[in-house]
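Because the structure is predicted, anything quoted here is derived from the model rather than measured.
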Amino acid sequence: MPHPPLRIFDSPCKSVCRIDERVGWCIGCKRTRAEIQMWSTASDAQKKAIWQNILNREQQMDA
């Protein structure tokens, strides 16, 4: 599992931009379309929540 960023505002983008319609998030960064769209204007708290969502999704995939 990848480590979270050193700074919460680092983008999770991995330049593999394709939404998996079965799960509803990007196969590269594990963000939903809404999370991707809001990233550039999100507050630090919102970015932290998105990173937590990503970590939760990665755990789901490992289960």
Side-chain angles (χ1 to χ4, degrees):
M1 170 170 40
H3 296 284
L6 296 176
R7 298 171 307 195
I8 203 66
F9 47 85
D10 288 343
S11 174
C13 182
K14 298 186 183 296
S15 297
V16 181
C17 305
R18 225 176 24 196
I19 300 294
D20 182 337
E21 296 300 332
R22 293 173 298 149
V23 293
W25 60 70
C26 177
I27 64 169
C29 67
K30 311 293 185 289
R31 290 181 291 173
T32 65
R33 283 184 175 99
E35 291 167 341
I36 292 166
Q37 186 175 18
M38 73 180 286
W39 185 264
S40 63
T41 58
S43 68
D44 285 350
Q46 289 170 315
K47 289 178 180 183
K48 183 176 180 179
I50 292 170
W51 270 109
Q52 188 57 56
N53 291 341
I54 293 167
L55 294 174
N56 292 342
R57 291 175 188 133
E58 288 174 342
Q59 287 177 352
Q60 258 184 296
M61 293 173 62
D62 291 341

At their closest point, which heavy atom of Cys13 faces which heavy atom of Ser15, and how far apart are they? SG-N, 3.3 Å
For Gln46, all residues meeting side-chain contact (heavy atoms from CB on, under 4.5 Å), sequence neighbours excluded: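 Counting only residues at least two positions away or on another chain, Gln46 forms a side-chain contact (heavy atoms from CB on, under 4.5 Å) with Met38, Ala42, Ser43.
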Using side-chain contact (heavy atoms from CB on, under 4.5 Å) as the criterion, list what pairs up with Ala34, not counting sequence neighbours.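 Residues passing side-chain contact (heavy atoms from CB on, under 4.5 Å) with Ala34: Thr32.
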Please identify each residue that fulfils salt bridge (Lys or Arg N to Asp or Glu O under 4.0 Å) with Arg22, with sequence neighbours left out.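 By the salt bridge (Lys or Arg N to Asp or Glu O under 4.0 Å) rule, Arg22 matches Asp20.
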Which residues pass the side chain to side chain donor-acceptor pair (under 3.5 Å) test with Glu21, sequence neighbours left out? Arg33
Evaluate the side-chain proximity of Asp62 to Gln59: yes if any heavy-atom separation is below 4.5 Å, no if none is.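 Gln59 does not reach Asp62 side chain to side chain.
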Check whether any side-chain heavy atom of Pro12 lies under 4.5 Å from a side-chain heavy atom of Trp39, and answer yes or no. yes
Gln60 and Asn56 side chains, donor-acceptor separation under 3.5 Å: no
Please walk me through it: do Arg57 and Glu35 pass salt bridge (charged side-chain N to carboxylate O under 4.0 Å, His left out)? CA-CA 13 Å; Arg57 291 175 188 133; Glu35 291 167 341; 2.7 Å; yes
Residues 23-31, side-chain donor-acceptor partners within the protein, below 3.5 Å, at least two apart:
{"residue": "Lys30", "atom": "NZ", "partner": "Ile27", "partner atom": "O", "Å": "3.1"}

Hey, any chance Ile54 and Ile36 share a hydrophobic cluster, counting ILVMFWY side chains that come within less than 4.5 Å of each other, even indirectly? no
